[in-house]
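Report on one structure; see the data block that follows.
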Amino acid sequence: LLKQIYRRSQVIMISDQPFKQQMRRSVLICAAIATLLSNESSVSLTEAFQRAPTTFPITRTSHFTATITNDATIPATRKYSSLFESTSVASNWMEAEKKIEEEMDAAMNEATNSDDNGDDDGATIVQPGRWEALHGNYILRPPNNSQPRALLHFLGGALLGAAPDLTYRYLLERLSTKGYLIVATPYQLSFDHLQTCDEIIDKFERVAPGLAKTYGAVPVVGVGHSCGALLHMLITSLFPDTPRAANALISYNNRPVGDAVPLFEEVFVPLFSNRDINGSELLKSLIKVAREKYNGKVPSDDAILELLKSIPTPISELAPANLNIPQPLRDSLTAILAEPTFNTLNNAGITPLLLQSLDISAQIPKLIDEVADGARDFVPTPDAMSSAARRAYRCRRTLLLQFIDDTLDDSEFLEGYLKEAESVMKMKRPMITIDLKRKVLEGNHLTPLWGPVGGEEWGKAIEEALGGFFGGSGGSAAATTADEGATDGEEDGVMNGSSESAKAVRQRLGYAEVEKVVEELVCWLDEGSL
């Protein structure tokens, strides 16, 4: 219990000085007593302090409400092992207290500067439109950077979740226009869902403190599609330090690999188990060469050599031991071919899309390697994940969205599990209830992915251009709607659903169902004052 208290107490953001002093002493005392109890009874209190953990990572909380998490650590340590090295315990204690105070303040300032300025991994990268890439997440702020109604932490489906700002662009931009702050966390699909959850939480925890500093206390709502819905369920059930104010789970899917991938055992396992012929290294090399090319560079000698060696025999046997493209030739190729192509694609906003398509493709060799290493099903197994939902799900408001023509959806099963979770929770806290709602909409499993590739702006342009052909008065009606319908700083224009011509265009082009998803989510969030 004391070790658990110590672990939890590490993660509190210590802001005010009196509380900082109190918490610092409490953390040290908990660690020392835990060490004392875990060793033989002859250990003295002084020895217990000496045996206590010598480094204490200062961590930040990701909370937007009053919640505490323990995943995003600041790379700074506090050393306590020298507190009792001399005979004057009191004097050394006070001296160490002062030194620790200075170190903690310095570490906190360094962390704040790191958040503000960023490094190569944390720098804000402007994406097409209003998107930003920050600390491994894609951020979409409300229009005019207004105060968000809530933060929607979005996780996409299998494979496509590696580039959510590309594959779910229209859906997320529509939600952002409604006044929500979007944090879309990309992830690499793996057979180990727990490892995937760890990586997702780590990315989110790195961006959350900066957003909390900008916007203050904002409720965090988990929104996931397909595999992303499953991951949000696991995070809420198995990661108690990452609470959510609510969860919206779209097309929840929890199937064994054999059901999700036809002929997995019969074809894919034998094919991918042999590393010499499974093509994993070839795919990695191709992706590496393409990534350098899309970044405006002539592929490096090492990348080209790796590609040649990864090609199945006999070509790989003919590859030279070393490859060295002369620098003058490389410079000429860069100036004549690579840079002009890169500049043209980049100015057209295509380069980020190409790079993100590589992020999606990079998951395939990773999954092949996992099969070669013996992976045959997801971890936890689907049965274990269902058990986790029944016994440990803690979110008090949950929306389950499913589609009529979705044969992969398991929302009905999850609904039953979450009702059992409510019964388990009531045994511990009788006054607590889970607000659970399941809604069935028109569409299929891929409906959330539909919409103009260029997002909301493309949709607006298409609806203005084609509105006259499909009904209504086209652009003029759209302009009137924009003037009359803008409220609270939100100019939805033709996108707000009140223009008949816009509705006709969406219906004819097949993404009217996405608008229904947005409307259902916003309505449900409004019911909970989120």
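- Of the possible polar contacts, one joining the Asp410 side chain to the Asn254 backbone as a donor-acceptor pair under 3.5 Å is found.
- No donor-acceptor pair under 3.5 Å is formed between the side chain of Lys439 and the backbone N or O of Glu520.
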Run the side-chain donor-acceptor check on residues 411-419: report pairs under 3.5 Å with partners two or more places apart or on a different chain.
unit_1, atom_1, unit_2, atom_2, d
Ser411, OG, Asp409, OD1, 2.8
Ser411, OG, Asp409, OD2, 3.1
Glu415, OE1, Arg438, NE, 2.7

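- Distance OG1/Thr177 to NZ/Lys460: 9.5 Å, rounded to 0.5 Å.
- Counting heavy atoms from C-beta outward, Cys227 and Tyr252 have side chains that stay 4.5 Å or more apart.
- The two atoms that bring Leu160 and Thr167 nearest to each other are O-OG1, 3.0 Å, heavy atoms only.
- Side-chain atoms of Glu463 do not come within 3.5 Å of backbone N or O of Arg506 as any donor-acceptor pair.
- With no hydrogens or angles considered, no side-chain donor-acceptor pair links Gln188 and Asp359 at under 3.5 Å.
- Looking at heavy atoms from C-beta onward, Leu171 lies in side-chain contact with Val517 at the 4.5 angstrom threshold.
- Neither side chain, His445 nor Thr407, offers a donor N or O lying under 3.5 Å from an acceptor on the other.
- In this structure, the side chains of Leu152 and Leu181 stay at 4.5 Å or more apart for every pair of heavy atoms.
- At least one donor-acceptor pair under 3.5 Å links the side chain of Asn444 to the backbone N or O of Leu446.
- Counting only distance, with no hydrogens or angles, the side chain of Arg149 and the backbone of Lys178 share a donor-acceptor pair below 3.5 Å.
- Residue Lys516 qualifies as open at atom NZ: its count of foreign heavy atoms under 6.0 Å is 12 or below.
- In this structure, Arg169 and Val453 have side chains that are not in contact, with every pair of non-hydrogen atoms separated by 4.5 Å or more.
- The heavy-atom pair separating Pro380 from Leu194 by the smallest distance is CD-CG, 3.8 Å.
- Aromatic ring pairs are classed by plane angle as parallel below 30°, tilted from 30° to 60° and perpendicular above 60°; the pair Phe378 and His193 is parallel.
- A donor-acceptor pair shorter than 3.5 Å can be found between the side chains of Thr185 and Asn137.
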Side chain to side chain contact (heavy atoms under 4.5 Å, CB included) assessment of Asn145 paired with Tyr215: CA-CA 10 Å; Asn145 204 22; Tyr215 296 108; 2.5 Å; yes
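- Ring-plane geometry between His153 and Phe204 is classed as parallel, the angle between the planes falling under 30 degrees on a 0 to 90 degree scale with a further cut at 60.
- Side-chain contact check for Thr236 and Arg394: no donor-acceptor pair (N or O, by modelled atom type) lies under 3.5 Å.
- Contact of the His232 side chain with the Leu249 side chain is registered, since non-hydrogen atoms from C-beta on lie closer than 4.5 Å.
- The local environment of CD in Gln507 is sparse, with at most 12 non-hydrogen atoms from other residues, nucleotides or ligands closer than 6.0 Å.
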Discussion item. Checking Tyr180 against Leu140 for the side chain to side chain contact (heavy atoms under 4.5 Å, CB included) test, could you report, in this order, the C-alpha distance in whole Å, the side-chain angles of both residues, the deciding distance, and whether it holds?
Written reply: CA-CA 9 Å; Tyr180 296 98; Leu140 189 59; over 6 Å; no
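- The structure places NZ of Lys437 at 9.5 Å from CH2 of Trp524, a figure rounded to the nearest 0.5 Å.
- Residue Gln356 comes nearest to Ala163 through the heavy atom pair CB-CB, 3.8 Å, listed as atom of the first residue, atom of the second, then distance.
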Residues Leu399, Leu521; criterion side chain to side chain contact (heavy atoms under 4.5 Å, CB included); working and verdict:
CA-CA 8 Å; Leu399 172 67; Leu521 285 172; 3.9 Å; yes
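- In this structure, Val518 and Leu175 have side chains that are in contact, with non-hydrogen atoms separated by less than 4.5 Å.
- Applying the 6.0 Å contact sphere to NZ of Lys297 captures no more than 12 heavy atoms from other residues, nucleotides or ligands.
- Of the possible polar contacts, one joining the Thr214 side chain to the Gly210 backbone as a donor-acceptor pair under 3.5 Å is found.
- In this model, a donor atom of one side chain and an acceptor atom of the other lie less than 3.5 Å apart for Ser190 and Glu370.
- Counting only distance, with no hydrogens or angles, the side chain of Ser176 and the backbone of Glu173 share no donor-acceptor pair below 3.5 Å.
- For Pro270, there are no side chain to side chain contact (heavy atoms under 4.5 Å, CB included) partners two or more places apart in sequence or in a different chain.
- By the 4.0 Å N-to-carboxylate-O rule, Glu281 lies close enough to Lys284 to be salt-bridged with it.
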query: Stepwise, does the side chain to side chain contact (heavy atoms under 4.5 Å, CB included) test hold for Leu172 with Asp165?
result: CA-CA 8 Å; Leu172 298 180; Asp165 65 316; 5.9 Å; no
Ring pair (Phe, Tyr, Trp, His ring centres under 6.0 Å) evaluation trace for His225 with Tyr168:
CA-CA 10 Å; His225 172 237; Tyr168 294 88; 5.6 Å; yes
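- Here Ile287 contributes atom CD1 and Glu292 contributes atom CD; the two are 13.0 Å apart, rounded to the nearest 0.5 Å.
- Two residues are said to be in side-chain contact when any heavy atoms from C-beta on lie closer than 4.5 Å; Val371 and Phe191 meet this criterion.
- Expressed to the nearest 0.5 Å, how far OG1 of Thr242 lies from CG of Leu234 amounts to 12.0 Å.
- The shortest non-hydrogen separation linking Ala150 to Val221 is CB-CG2, 4.4 Å.
- How far CG of Leu400 is from CG of Leu436: 5.5 Å, rounded to the nearest 0.5 Å.
- When atom types are taken as modelled, the side chain of Asn253 and the backbone of Leu408 share a donor-acceptor pair closer than 3.5 angstrom.
- Across all non-hydrogen atoms, the minimal contact from Glu442 to Ile404 is OE2-CD1, 3.4 Å.
- A search for side chain to side chain contact (heavy atoms under 4.5 Å, CB included) contacts involving Ile368 returns Phe272, Asn278, Ser280, Leu283, Ile364, not counting sequence neighbours.
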Worksheet item: Tyr170 and Glu457: side chain to side chain donor-acceptor pair (under 3.5 Å), yes or no, with the steps?
Response: CA-CA 9 Å; Tyr170 183 78; Glu457 288 300 319; over 6 Å; no
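- Relative to the six-membered ring of Trp131, Arg141 misses at least one condition, a distance below 6.0 Å or an angle of at most 45° to the axis.
- More than 12 heavy atoms of other shown residues, nucleotides or ligands fall within 6.0 angstrom of atom CZ in Arg390.
- Taking all atoms of both residues into account, the shortest heavy-atom contact from Gly510 to Trp450 is O-CD1, 3.9 Å.
- The closest donor-acceptor contact from the side chain of Ser237 to the backbone of Met233 lies under 3.5 Å.
- Between Tyr187 atom OH and Thr196 atom OG1 the span is 8.0 Å, to the nearest 0.5 Å.
- With no hydrogens or angles considered, no side-chain donor-acceptor pair links Ser251 and Gln402 at under 3.5 Å.
- Looking at Ile201 and Phe239, their side chains come closer than 4.5 Å, going by heavy atoms from C-beta outward.
- Panel note: side chain Gln195, backbone Asp192; no donor-acceptor pair is recorded below 3.5 Å.
- Counting only N and O atoms by type, the side chains of Asp435 and Thr398 include no donor and acceptor under 3.5 Å apart.
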